[in-house]
Amino acid sequence: MSSSTAGLDMISVDPRRVADLQENLAEVQARVDKAANGRPVTLVAVSKYMPPSDLQLLYSSPHRQLHFGENYLQELLHKSSLLPADIHWHFQGALQTNKCKNLASQIRNLWSVETVDTVKKADALEKGRRSVLEGKGEVGEEGKKWARLRVYVQVNTSGEESKSGVEPPEAHALCRHIHNSCPSLTLSGLMTIGSRSNSLSSSEENPDFKTLVSVRDQISKELGVELGLSMGMSSDFEEAIRMGSTNVRVGSLLFGKRKTKEEMDELKKRTAETEKAR
Ligand SMILES: *Cc1c(COP(=O)(O)O)cnc(C)c1O
């Protein structure tokens, strides 16, 4: 075993954690399969803040989880350097234009970027991936064997100011731009996070999902391409699948409750201070 994977040695892993994670995955995958009713739907295990050992466990479990979603570039770079090269990484966090180039050019097994919401970010991803495909990136000639990068356009379907994403009517122009002017990217579809209240009210079909389906149908027709839908999380993935989702993002149902961003930042700060004091 190389030194970089030594930290993932199973001996250090709590056997109860192994059982819990395997059980959670079996249950969620069964629920996905039932809702999908034979249609292909990708289950993305959203692993932000979770230790690499948890991801390794799901990857090596009988269900062999291959798709993982991460929200932060540093965390993704760290985990992708430790974990198996055939994992399919999804970037699902808030995207910053100045990080797009690195994101597109440093991780060979980055499967998709699901949070593209401006032409600038699309262009920056295009630039990063194009340099790799032309053999001019950090990975050199090797880059010519990389694939085009899949991207989803994030749509703000709920109109909440706190949510990123383009307004539904603006999604057309951004999708057209990616489709026509970004040859190193592949437009995979549309993504929404949706509002919490829309997800929790059980009265009728989730209006966020309805909006995303309708915008996708229009754009798909306009561009003449098949487009997927990244929608549905722990609280609503079955409904999302029934409404046509092709990519569900499930975190807490698989890994258990996670720390908030504030708690994580505090933890990192304290760890850094302890290391400095040593
Ligand atoms: C964290 C996160 C999820 C997972 O949410 P859960 O409710 O824990 O399933 C899904 N999508 C995005 C974009 C996220 O940031």
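Indexing begins at 1, ligand by ligand and atom by atom, following the structure's order.
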Salt bridge or not between [X] and [Y]? Use side-chain N to carboxylate O under 4.0 Å.
| X | Y | value |
| --- | --- | --- |
| E75 | K48 | no |
| K121 | D117 | yes |
| R64 | D86 | yes |

Atoms of ligand 1 close to [X] [distance to a heavy atom under 4.0 angstrom, numbered from 1]:
| X | answer |
| --- | --- |
| N71 | 14 (C), 15 (O) |
| V250 | 9 (O) |
| R249 | 4 (C), 9 (O), 10 (C), 11 (N), 12 (C), 13 (C) |
| K48 | 1 (C), 2 (C), 3 (C), 14 (C), 15 (O) |

| request: Look up atom CD in Q65 and atom CG in L254, then write down how far apart they are to the nearest 0.5 Å. | output: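 Separation between the atoms: 7.0 Å.
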| Measuring from L212:CG to L227:CG, what's the distance to the nearest 0.5 Å? |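 Between L212 CG and L227 CG, I get 10.5 Å after rounding to 0.5 Å.
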| task | Please step through side chain to side chain contact (heavy atoms under 4.5 Å, CB included) for the pair Q92 and V44, ending with a clear verdict. | result | CA-CA 10 Å; Q92 312 180 320; V44 182; 3.7 Å; yes
| request: Kindly confirm or rule out an N or O of Q92 lying under 3.5 angstrom from an N or O of ligand 1. | output: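 No, no N or O pair falls under 3.5 Å.
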| task | Return a yes/no value for G251: is any of its N or O atoms, backbone included, closer than 3.5 angstrom to an N or O of ligand 1? | result |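 For ligand 1, there is an N or O atom that lies under 3.5 Å from one belonging to G251.
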| Heavy-atom nearest neighbour in the protein, as seen from atom 9 (O) of ligand 1, with distance rounded to 0.1 Å |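 Here the nearest protein heavy atom works out to S234 OG, 2.6 Å.
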| said: Among all the protein's non-hydrogen atoms, which is closest to atom 10 (C) of ligand 1, and how far away is it? | reply: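 So the nearest neighbour among protein heavy atoms is M233 SD, 3.2 Å.
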| Out of curiosity, is R258 lining ligand 1, as in a heavy atom under 4.0 Å away? |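 Yes, R258 has a heavy atom closer than 4.0 Å to ligand 1.
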| request: Would you mind telling me which of L66, V250, I241, N247 makes a side chain to side chain contact (heavy atoms under 4.5 Å, CB included) with L43? | output: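 Testing each of L66, V250, I241, N247 against L43, the sole residue satisfying side chain to side chain contact (heavy atoms under 4.5 Å, CB included) is V250.
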